[in-house]
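Residue numbers begin at 1 in each chain, while the letters A, B, ... track the order of the sequences. Side chains included, hydrogens not; waters and symmetry mates left out as well; all remaining heavy atoms used. Note that the coordinates shown come from a computational prediction; the quantities given were computed from them, not determined experimentally.
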2 protein chains.
Amino acid sequence: METINLNRLAYFVAVVDAGSFTRAAARLGITKTVVSQQVARLEADLRTSLLLRTTRRVEPTEAGRLLHARSVIILREAEDAFGEVAQVTTNPIGTLRIAAPNDFGTSTVAPLLAKFCRTYPACTVDLVLSDAKIDLIAHHIDVSMRVGWLDDSSQQARRIGAFRQLLVAAPDLARTISADVPDNLGQQPFIANGALREPLVWHFSRADFDRRSVRMRPAMTINATPGVLAATLAGGGLSVLPDFLVADPLQTGALVQILPDWSLPSGGIHAVYPAARFRPPKVTAFVAMLEAEVKRPSIAPH
Amino acid sequence: METINLNRLAYFVAVVDAGSFTRAAARLGITKTVVSQQVARLEADLRTSLLLRTTRRVEPTEAGRLLHARSVIILREAEDAFGEVAQVTTNPIGTLRIAAPNDFGTSTVAPLLAKFCRTYPACTVDLVLSDAKIDLIAHHIDVSMRVGWLDDSSQQARRIGAFRQLLVAAPDLARTISADVPDNLGQQPFIANGALREPLVWHFSRADFDRRSVRMRPAMTINATPGVLAATLAGGGLSVLPDFLVADPLQTGALVQILPDWSLPSGGIHAVYPAARFRPPKVTAFVAMLEAEVKRPSIAPH
DNA sequence: AACACTGTGTGCTATTCGCTTACAATGGAG
DNA sequence: CTCCATTGTAAGCGAATAGCACACAGTGTT
């Protein structure tokens, strides 16, 4: 069957409800000519007279009454549907699926979710922790947190903060290190992070001009950052860890920063969105909250 | 709120159902370009992304899933509504409201209704008997039977038959009338029909050239034709009655035709429709059946 | 009988629909 | 890893449609 123009239903219903083409046109904000024409076309499409017109009165035929009753329902449902969509597009509401790497997700994102759910009670959150790069669209991810360095990607991303990488060790081990330049660090036991692209070579810099590259000697390799942290806390060796993971241990003294005058390359914290024309408010709200959290002084670069 | 183009819902739903713009376009019989554009406009209207597109996969967003679920319902309801209307427009179905004058309605229309309802079981009939000319539209009349002579009217009419007017009397009275020309009929007792425009002056004609006009002398005036018939059967006088009313009495001998060589003006039997572009099949079916009935030899002009 | 008002027919313009062509992106095959 | 088929989108174009202003015929009221 050929498809029928649904928009004309609204015109037709308006005429029946108003009991007049003129009033319907006024209500719709268009000319009565158009209303007359559109209804006539609807009748032509259906090959039915829907309205019997006098210059004085407009009465629906049996078919007209029938169609009117059903069209009213249809139009109200459509309006409801659009209203519901409008809710989603204007308010933070619905299910927010966040992807994050295990370390950052556990240390920073997960603690924030409680506050987020409290602030936006209409939102439900799904946090998907995974260090693998997953297909945002296939997994219905609204926003993916990426920590480190973005490879070229067509997806839309926004840098919401940065993190420093800190060379740390347990206090007992740290005491044995007296050097104030990175050159000889290769002799120290090092816990390599197998999740990084280049876990062993580190580029130190100081005061914008002093640069040293050091190749570490791995005492052990662990392929997940939280594992590296645990081994480091246990005194297994030096390691390079992001600030957001070691902020607490450093404050409590469970870890000590080695060579604090030297810095390692900083990485970015990014929110990556699937390619979409419009961003749902739930996503914007969450990213804003996370950005504020990330920029809190406790883990901000000094 | 501004109105949203409902037609685009069909495009959007087709894409979600097909899981691909290309397949949706094929199914809709249009180009994928159009589908892409229409969905994009729908998204612009709603200021929401409904679909996340890859060249490989199309996934609906949360808003998209929401809208899809509701749109499917809306579209199916619309299709149902159109189907129901199509029923009414293609089959004799629904309520048929017929207006007819008391005499013709009682003598001819009413007896036919049983057959009509049997032939078209999906039809219900409302027969409105009234000698007054009523507003077809205001009373939701589908077809009005008019017997006699149509005055100028903008409404659509169709002549489905004719009737003769017969000068009749009860047999006892008829025996006292020996004249074979109408000239002296004015001396006979006459039962005038007050429902006619000119109840007393009658124009007789014979053989295409012999014409006489006679003014009758009313022994009584009755303003409803069935009453005139009753009084005539009782021997109250001569009267002029339509053939469809006196067919039976003439056959049984309860009435006798006076001056059978002379004819009185014939009138038409008309079906008058309210002004409408399309005629419902129930109306067409009824008028056809009535026309066949009217043209049956028993009451056809000789 | 004059009049206000209704719905419709008629030109006319702006927007939209739909097609063809061209192109960037993506995932699979070799 | 490269080639290639396929997908969705952009651009340009012609046709159909929506919408307007205007004029007009019919109808009920004053």
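In this structure, A:Ile30 places its CD1 atom 10 Å from P of D:dA18, rounding to the nearest Å. Summarising the geometry, the separation between CG on A:Leu42 and P on C:dG7 is reported as 17 Å, rounded to the nearest angstrom. Atom CG of A:Leu50 is separated from atom P of C:dT8 by 12 Å (rounded to the nearest Å). As a whole-Å value, the separation of A:Leu51 CG from C:dT6 P is 16 Å. Between the P atom of D:dT27 and the CG atom of B:Leu136 lies a distance of 12 Å, rounded to the nearest Å. At whole-Å resolution of the value, NZ in A:Lys32 and C1' in C:dA4 are 11 Å apart. Taking atom CD1 of B:Ile137 as the reference point, atom P of D:dG28 lies 10 Å away to the nearest angstrom. Distance, A:Arg53 CZ to C:dT6 C1': 12 Å, rounded to whole Å.
Counting only residues at least two apart or in different chains, salt bridge (Lys or Arg N to Asp or Glu O under 4.0 Å) contacts with residues 7-30 of chain B comprise B:Arg8-B:Asp45. Sorted by first then second residue, the salt bridge (Lys or Arg N to Asp or Glu O under 4.0 Å) pairs that include residues 265-275 of chain A, not counting sequence neighbours, number zero.
Picking from D:dG19, C:dT20, D:dC22 the nucleotide with the shortest atom distance to the side chain of B:Thr31 gives C:dT20.
Not counting sequence neighbours, the partners of B:Thr124 by the side-chain contact (heavy atoms from CB on, under 4.5 Å) test are B:Thr95. The salt bridge (charged side-chain N to carboxylate O under 4.0 Å, His left out) test applied to A:Asp135 returns B:Arg57, not counting sequence neighbours. Every residue was checked against the salt bridge (charged side-chain N to carboxylate O under 4.0 Å, His left out) condition with B:Asp80, not counting sequence neighbours, and none meets it. Under the ring pair (Phe, Tyr, Trp, His ring centres under 6.0 Å) criterion, B:Phe286 pairs with B:Phe116, sequence neighbours left out. For A:Asp142, the salt bridge (charged side-chain N to carboxylate O under 4.0 Å, His left out) test picks out A:Lys282, with sequence neighbours left out. By the salt bridge (charged side-chain N to carboxylate O under 4.0 Å, His left out) test, A:Arg65 pairs with no residue at all, sequence neighbours left out. A search for ring pair (Phe, Tyr, Trp, His ring centres under 6.0 Å) contacts involving B:Tyr11 returns nothing, not counting sequence neighbours.
B:Glu62 and A:Arg97 are not joined by a salt bridge, as no carboxylate oxygen comes within less than 4.0 angstrom of a charged side-chain nitrogen.
Residues B:Thr54 and A:Gln38 each lie close to DNA chain D; by heavy-atom proximity, the contact nearer the 5' end of the strand is made by B:Thr54.
Rounded to 10 degrees, the angle between the two end axes of the helix from C:dA1-D:dT30 to C:dG30-D:dC1 is 30°, with five pairs used at each end.
At a threshold of 4.0 angstrom between heavy atoms, the contacts of A:Asn5 are confined to the sugar-phosphate backbone, with no base atom among them.
Of the residues in residues 6-22 of chain A, those lying under 4.0 Å from DNA chain D by heavy-atom distance are A:Arg8, A:Tyr11. The stretch residues 55-69 of chain A touches DNA chain C through A:Thr55, A:Val58, each having a heavy atom within less than 4.0 Å of the strand.
Put simply, the side chain of A:Asn7 gets close to the backbone of B:Leu6: a donor and an acceptor are under 3.5 Å apart.
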